[in-house]
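Atoms considered below: every heavy atom in the structure, side chains included; atoms not considered: hydrogens, waters and symmetry mates. Note that this is a predicted model, so its numbers are computed, not measured. Just so it is clear: chains get the letters A, B, ... in the order the sequence lines come, proteins before strands, and each one is counted from 1.
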Amino acid sequence: MEYNFKEIEQKWQAYWKKNSTYKTEIDNSKPKFYVLDMFPYPSGAGLHVGHPLGYIASDIFSRYKRLQGFNVLHPMGYDAYGLPAEQYAIQTGQHPAVTTKKNIARYREQLDKIGFCYDWSREIRTCEPDYYKWTQWAFIQMFNHYFNTKLQKAQPIVSLIKAFETSGTEGIQASCTEEISFTANEWKAKTEKEQQEILLNYRIAYLADLKVNWCPELGTVLANDEVSEGVSVRGGHPVEQRVMRQWSLRVSAYAQRLLDGLNTVEWTDSLTETQKNWIGRSEGAELRFEVKDQDFNFDVFTTRADTIYGVTFMVLAPESELVKQLTTDKQAPEVQNYLDATKKRTERERIADRRVTGVFSGSYAINPVSGTEIPIWISDYVLSGYGTGAIMAVPAHDSRDYAFAKHFNLPIIPLIEGCDVTEDSFDAKEGIMINSGFLNGLTVKQAIAKAKEYIAEQKLGQVKVNFRLRDAIFSRQRYWGEPFPVYYKDEMPYMLDESRLPLELPEIDKFLPTEQGEPPLGRAKNWEIDGYPLELNTMPVFAGSSAYYLRYMDPKNDKALVSAEANQYWRNVDLYIGGTEHATGHLIYSRFWNKFLFDLGLVCEDEPFKKLINQGMIQGRSNFVYRIKDSNTFVSLNLKKQYETTAIHVDVNIVSNDVLDIEKFKSWHPEYKTAEFILEDGKYVCGWAVEKMSKSMYNVVNPDDIVEKFGADTLRLYEMFLGPLEQSKPWDTNGIDGVHRFLKRLWSLFYKDENLLVNNEAPTAEELKTLHKTIKKITFDIENFSYNTSVSAFMICVNELFALKCSKKAVLEPLSILLAPFAPHIAEELYHILGNESTVCDAVFPVCNEEYLKETAVKYPISFNGKVRFTLELPADMSKDEVEKIALLHEQTIKQLHGKSPKKVIIVPGKIVNIVL
RNA sequence: GCCCGGAUGGUGGAAUGGUAGACACGAAGGACUUAAAAUCCUUUGGCUUCACGGCUGUGCGGGUUCAAGUCCCGCUUCGGGUACCA
């Protein structure tokens with residue numbers, strides 16, 4: 001019997017489906033393990049071979065954990081809302097729901113072929129009302145809470161209202177958009193509308209006028225993580241700054257907790273580092289500067305309080321409210337010119353063209369420590385959104401201030417002994433302070449601490465921590481997203497009653513803004529509730545992915561996002577696998593979302609993802625043919641030097657081992673029908689390059705084709721065999737024969753022609769050694785996600801058993817269980833051939849018995865000055881002295897010594913002998 | 001600019017400081033076959049030698065060590081992230 005993968009794979013996929021093998025229920029008798037993949041956005045292009053890489057890795061781990069007796073939750077679903085479907089709808093008029101559904105069906109079909117152990121009964125789609133009901137619900141909770149900075153925890157907004165009623169803002173410790181203060185009486189005197197406006201200043205989900213990233217091309221605002229280098233991450237359209245009234249989530253309130261939490265999770269260093277940078281905590285001081293000839297002062301934030309004696313000017317952000325206050329009449333026209341000019345510059349232009357610009361405001365500040373007068377400038381190199389939107393400039397020790405000072409000829413005072421600031425600033429935080437009054441003679445580190453102390457003592461300001469992390473803008477002027485459960489009364493937002501959820505996405509005639517420039521929902525008929533208009537914006541794509549891992553625990557629950565019981569059992573994700581591209585988006589938002597729900601007592605774990613692995617990208621491997629200029633003749637790779645040629649991408653699917661299938665090429669495209677070829681050794685050899693896998697490079701490989709030709713097990717093994725999981729590597733179908741041969745060879749241990757070879761003989765010591773060293777290696781590799789070396793280990797094992805002609809059940813059975821996580825179909829088949837009747841998924845993972853691995857002899861490499869000259873087989877338990885004696889007496893040693901006596905002999909028992917001459 | 005990863009045969013890649021190149025692909029040769037496919041066996045870093053063997057070799061330059069792909073210092077280079085965050 002031959003290895004018929006097609007038959008085997010179909011048979012067991014049907015069996016698993018029929019027997020609900022992958023259905024998971026809460027089982028308190030077993031420990032839980034939750035393995036999660038970052039769910040995909042179902043794009044129209046379907047899956048290419050790069051997509052399943054992470055899914056296969058998580059599938060292996062899930063199956064492994066199950067074999068070890070864990071109750072494994074391994075769900076899958078779809079991040080179904082998003083821009084591409086809507087852009088497509090705008091172009092074609094097709095409803096995004098229709099294309100999304102179609103794409104999901106296609107994804108599912110592709111995923112099913114690979115034999116994953118997903119519990120599909122738990123599937124979720126973010127665009128389904130049953131699901132987004134809970135996204136809307138969470139939003140309502142965020143609206144109804146504020147963040148108490150003292151407790152570092154979300155609290156009901158009603159408790160804040162109570163506090164306002166009794167003592168106003170006195171003693172309030174709450175994260176807010178803007179510091180405001182009022183008394184209890186003032187509060188009570190306010191109208192309902194005024195009170196609501198004030199509460200928005202504190203709510204975790206709030207509406208505010210904010211400077212946002214507006215993308216005209218997409219017709220929507222974008223969050224910071226959706227913009228990179230001044231263009232939208234999706235589509236690469238220019239983005240500009242605009243002030244708009246938008247929903248936001250007060251993610252910044254959780255900055256410290258988001259930072260602290262990173263110490264409690266097992267993520268890769270690079271990922272935690274990225275998050276740390278994104279959160280951007282900096283400790284420093286807020287210093288108050290008085291303005292000369294005005295009864296006015298303002299604060300600046302600095303991490304270098306030690307450089308206070310080197311401040312030679314101040315700079316305000318052009319958008320700062322201080323600009324108006326500090327611009328003198330004389331300077332007013334010039335300042336206005338500058339403001340107009342900067343406003344016109346988009347973020348992108350500012351990044352591309354980083355010239356030094358600025359204008360003098362006319363005012364002077366007084367250095368609070370030295371008392372000197374310093375001019376106040378305005379420049380766009382200072383950001384309005386960070387700190388106070390104003391800085392103290394220390395050109396000697398900050399490169400940006402230095403560039404500015406040089407350009408406008410402002411003084412530069414060095415503060416560190418021996419530093420040279422004639423060409424560049426000295427930014428390093430090291431050295432001994434000079435020119436700095438009471439800080440002279442201290443190291444920079446000491447000076448920072450002392451200056452902070454001084455500032456606090458003298459009440460010149462306060463020690464402060466600033467974060468780079470911004471609140472998440474949560475409104476999108478788009479159709480294909482979750483509607484907000486919000487209606488407006490007297491222009492103030494109010495939440496829908498929970499009983500009215502979900503608020504379903506209405507139908508509209510066109511997926512475009514209205515003629516008045518309102519978002520697409522402005523087109524919806526009767527988009528109101530009880531006579532009040534509903535919100536026209538929809539939620540961003542990260543809304544639906546922020547708590548999906550919780551929903552999988554209890555996907556059908558219509559009373560809660562997740563029941564306490566399910567949450568108590570499944571708790572959080574033990575292993576999360578996905579791409580690095582979500583480092584600053586999804587992985588921040590979902591941690592924030594989870595912490596919020598944690599504060600409300602709705603989930604029992606503070607961090608959602610305990611361990612996280614980033615799978616590397618699968619790159620494409622493109623092939624080229626070389627056309628001789630102005631002809632339809634193509635020349636083979638190694639002959640092309642003789643001609644002037646153009647390289648043309650050719651579909652990798654009609655190339656095998658870099659040799660072009662000429663007939664297929666001719667019919668690939670009409671213009672090549674009459675093509676002629678200059679061959680080498682009768683073959684047309686193509687060139688190649690590693691590039692992104694994309695349609696335009698003709699290097700996309702579809703997993704379906706691989707499954708068709710080699711089977712799912714081969715695909716799974718080969719994806720893992722390509723290289724380390726976390727590394728990026730090119731896909732090259734050429735190597736796949738190797739793993740396919742391995743499976744065939746494994747099969748050949750069971751069958752020769754029609755004869756079953758399996759027998760019940762007792763295994764030899766050698767066979768047991770092969771088996772158990774494989775068990776040991778595979779176990780270690782799975783635990784360390786080193787799947788590429790496990791595939792090698794399987795190959796070695798089968799090669800050895802093949803050489804030993806071993807078809808013993810006692811060896812093959814554990815081997816088939818061992819292989820089951822990697823190649824479940826063939827493993828299941830083999831397991832049944834061996835006489836088992838239940839699924840291999842419920843077998844017990846074999847355990848290595850070290851007894852079988854014990855070596856009686858060691859092959860000692862004998863080296864001279866570190867260079868190995870020969871090997872010597874000696875008993876494993878031989879003493880050091882005896883090894884030395886034998887090694888030194890060996891004829892080859894004597895030859896190497898040339899009559900000299902060795903200076904030193906190093907013996908590492910069981911490892912190596914090194915003789916030093 | 002800053003931060004994080006890499007760099008090992010023709011290719012993908014192995015190597016708790018202890019015989020570099022496991023395992024595969026490709027290539028070459030052979031067996032089986034009328035033939036092909038499939039399968040099996042052998043060789044395969046480079047240079048050198050009839051051979052035994054020798055020399056050399058993990059991006060570059062230093063260093064530590066009995067011993068370095070691995071540790072340290074300084075570069076080169078290719079990816080990825082981030083960007084006026086004071």
Over 12 non-hydrogen atoms of neighbours within 6.0 angstrom of NZ in A/Lys406:
yes
Using a heavy-atom cut-off of under 4.0 Å over every strand shown, decide if A/Arg869 touches base, sugar-phosphate, or nothing.
sugar-phosphate
Taking only the C1' atom of each, what is the distance from B/U16 to B/C50 in whole angstrom?
43 Å
Of the listed B/G18, B/A83, B/G13, the closest approach to the A/Ile906 side chain comes from B/G18
What is the distance, to the nearest angstrom, from the CD atom on A/Gln727 to the P atom on B/G6?
7 Å
Rounded to whole angstrom units, what separation is found between the CH2 atom of A/Trp747 and the C1' atom of B/U39?
17 Å
What do you reckon, are the aromatic ring centroids of A/Phe313 and A/Phe404 less than 6.0 Å apart?
yes
Between B/A37 and B/A31, how far apart are the C1' atoms? Round to whole Å, please.
16 Å
Between B/C3, B/G12, B/A86, which one does the side chain of A/Tyr386 approach most closely?
B/A86
Specify whether A/Phe864 and A/Phe870 have parallel, tilted or perpendicular ring planes, treating 30° as the upper limit for parallel and 60° as the lower limit for perpendicular.
tilted
Answer with base, sugar-phosphate or nothing: what part of the nucleic acid does A/Leu722 contact at a heavy-atom distance below 4.0 Å?
sugar-phosphate
Out of B/A14, B/G54, B/C66, whichever nucleotide has its closest atom nearest the side chain of A/Pro724:
B/A14
Give a yes or no on whether a salt bridge exists between A/Glu850 and A/Lys776, defined as a side-chain N under 4.0 angstrom from a carboxylate O.
yes
Assuming nearest nucleotide by heavy-atom distance, tell me which of A/Lys777 and A/Ser270 is located more 5' along RNA chain B.
A/Ser270
Kindly point out which of B/G81, B/C84, B/C41 is positioned nearest to the side chain of A/Leu383?
B/C84
Evaluate the ring planes of A/Phe822 and A/Phe794, with Trp represented by its six-membered ring, and classify them as parallel (under 30°), tilted (30 to 60°) or perpendicular (over 60°).
perpendicular
Counting the atoms with a prime plus P, OP1 and OP2 as sugar-phosphate, which does A/Phe802 contact under 4.0 Å by heavy atoms, base, sugar-phosphate, or nothing?
sugar-phosphate
Before accepting this row, confirm whether a basic side-chain N of the pair A/Asp658/A/Arg621 lies closer than 4.0 Å to the acidic partner's carboxylate O.
yes
Measure the acute angle between the ring planes of A/Trp747 and A/Tyr3, then classify it against the limits of 30° and 60° as parallel, tilted or perpendicular.
tilted
Write down the protein N/O and nucleotide N/O pairs, taken from nucleotides 19-26 of chain B, whose separation is under 3.5 Å; answer none if there are no such pairs.
residue: B/A22; atom: N1; partner: A/Ser792; partner atom: OG; Å: 3.4
residue: B/A24; atom: OP1; partner: A/Asn799; partner atom: ND2; Å: 2.5
residue: B/C25; atom: OP1; partner: A/Arg741; partner atom: NH1; Å: 2.4

How many Å lie between CG on A/Leu725 and P on B/G13, as a whole number?
13 Å
For the pair made of CD in A/Glu680 and P in B/A27, what is the distance, rounded to whole Å?
13 Å
Using the P atom in both, what is the distance from B/C25 to B/U77, to the nearest Å?
37 Å
Side-chain N,O (A/Arg468) to OP1/OP2 (B/C84) below 4.0 Å:
no
Which atoms form the tightest heavy-atom contact between A/Leu469 and A/Ser252, and what is the distance?
O-CB, 3.6 Å
Roughly how far apart, to the nearest Å, are B/A7 and B/G12 at atom P?
12 Å
Just to be sure I understand the rule, does A/Val916 reach a base, reach only the sugar-phosphate, or reach nothing, if contact means heavy atoms closer than 4.0 Å?
sugar-phosphate
Paired to B/U76 by Watson-Crick or G-U wobble criteria (both distances under 3.5 Å) is B/A7
So does A/Lys904 get a side-chain nitrogen or oxygen closer than 4.0 Å to the phosphate oxygens (OP1/OP2) of B/C66?
yes
Please state whether the phosphate of B/A86, meaning OP1 or OP2, lies under 4.0 angstrom from any side-chain nitrogen or oxygen of A/Ser282.
yes
Does the structure show a Watson-Crick or G-U wobble partner for B/U39, both distances under 3.5 Å? Name it, or say none.
B/A31
Please state whether the rings of A/Tyr718 and A/Trp731 are parallel, tilted or perpendicular, taking 30° and 60° as the class boundaries.
perpendicular
Determine the interatomic distance between C1' on B/G26 and the same-named atom on B/U49; round to the nearest Å.
28 Å
note: A/Asn784, atom CG; B/A14, atom P; distance rounded to Å ~ 13 Å
Watson-Crick or G-U wobble partner of B/U19, both distances under 3.5 Å
none
Between B/G57 and B/G69, how far apart are the two P atoms, rounded to whole Å?
10 Å
Give A/Lys744 one of three labels, base, sugar-phosphate or nothing, depending on what nucleic acid heavy atoms sit under 4.0 Å from its own.
sugar-phosphate
Base orientation of B/G9, chi within 90° of 0 counted as syn, else anti, reads syn
Which residue, A/Ser863 or A/Gly280, contacts RNA chain B at a nucleotide closer to its 5' end, judged by nearest heavy atom?
A/Ser863
Specify the separation, in whole Å, of atom CD of A/Glu726 and atom C1' of B/G80.
14 Å
With sequence neighbours excluded, what pairs up with A/Lys769 under the side chain to side chain donor-acceptor pair (under 3.5 Å) test?
A/Glu855
B/G1: pairing nucleotide in any strand, Watson-Crick or G-U under 3.5 angstrom
B/U82
I'd like the P distance from B/G13 over to B/U82, given in whole Å.
25 Å
Could you state the atom-to-atom distance from CG of A/Asp781 to P of B/G13 in whole Å?
17 Å
Rounding to an integer number of angstrom, what distance separates B/U11 and B/G62 when you compare their P atoms?
26 Å
So which nucleotide from B/U56, B/C4, B/A38 ends up closest to the side chain of A/Lys867?
B/U56
Expressed as a whole number of angstroms, how long is the span from A/Glu691:CD to B/G79:P?
12 Å
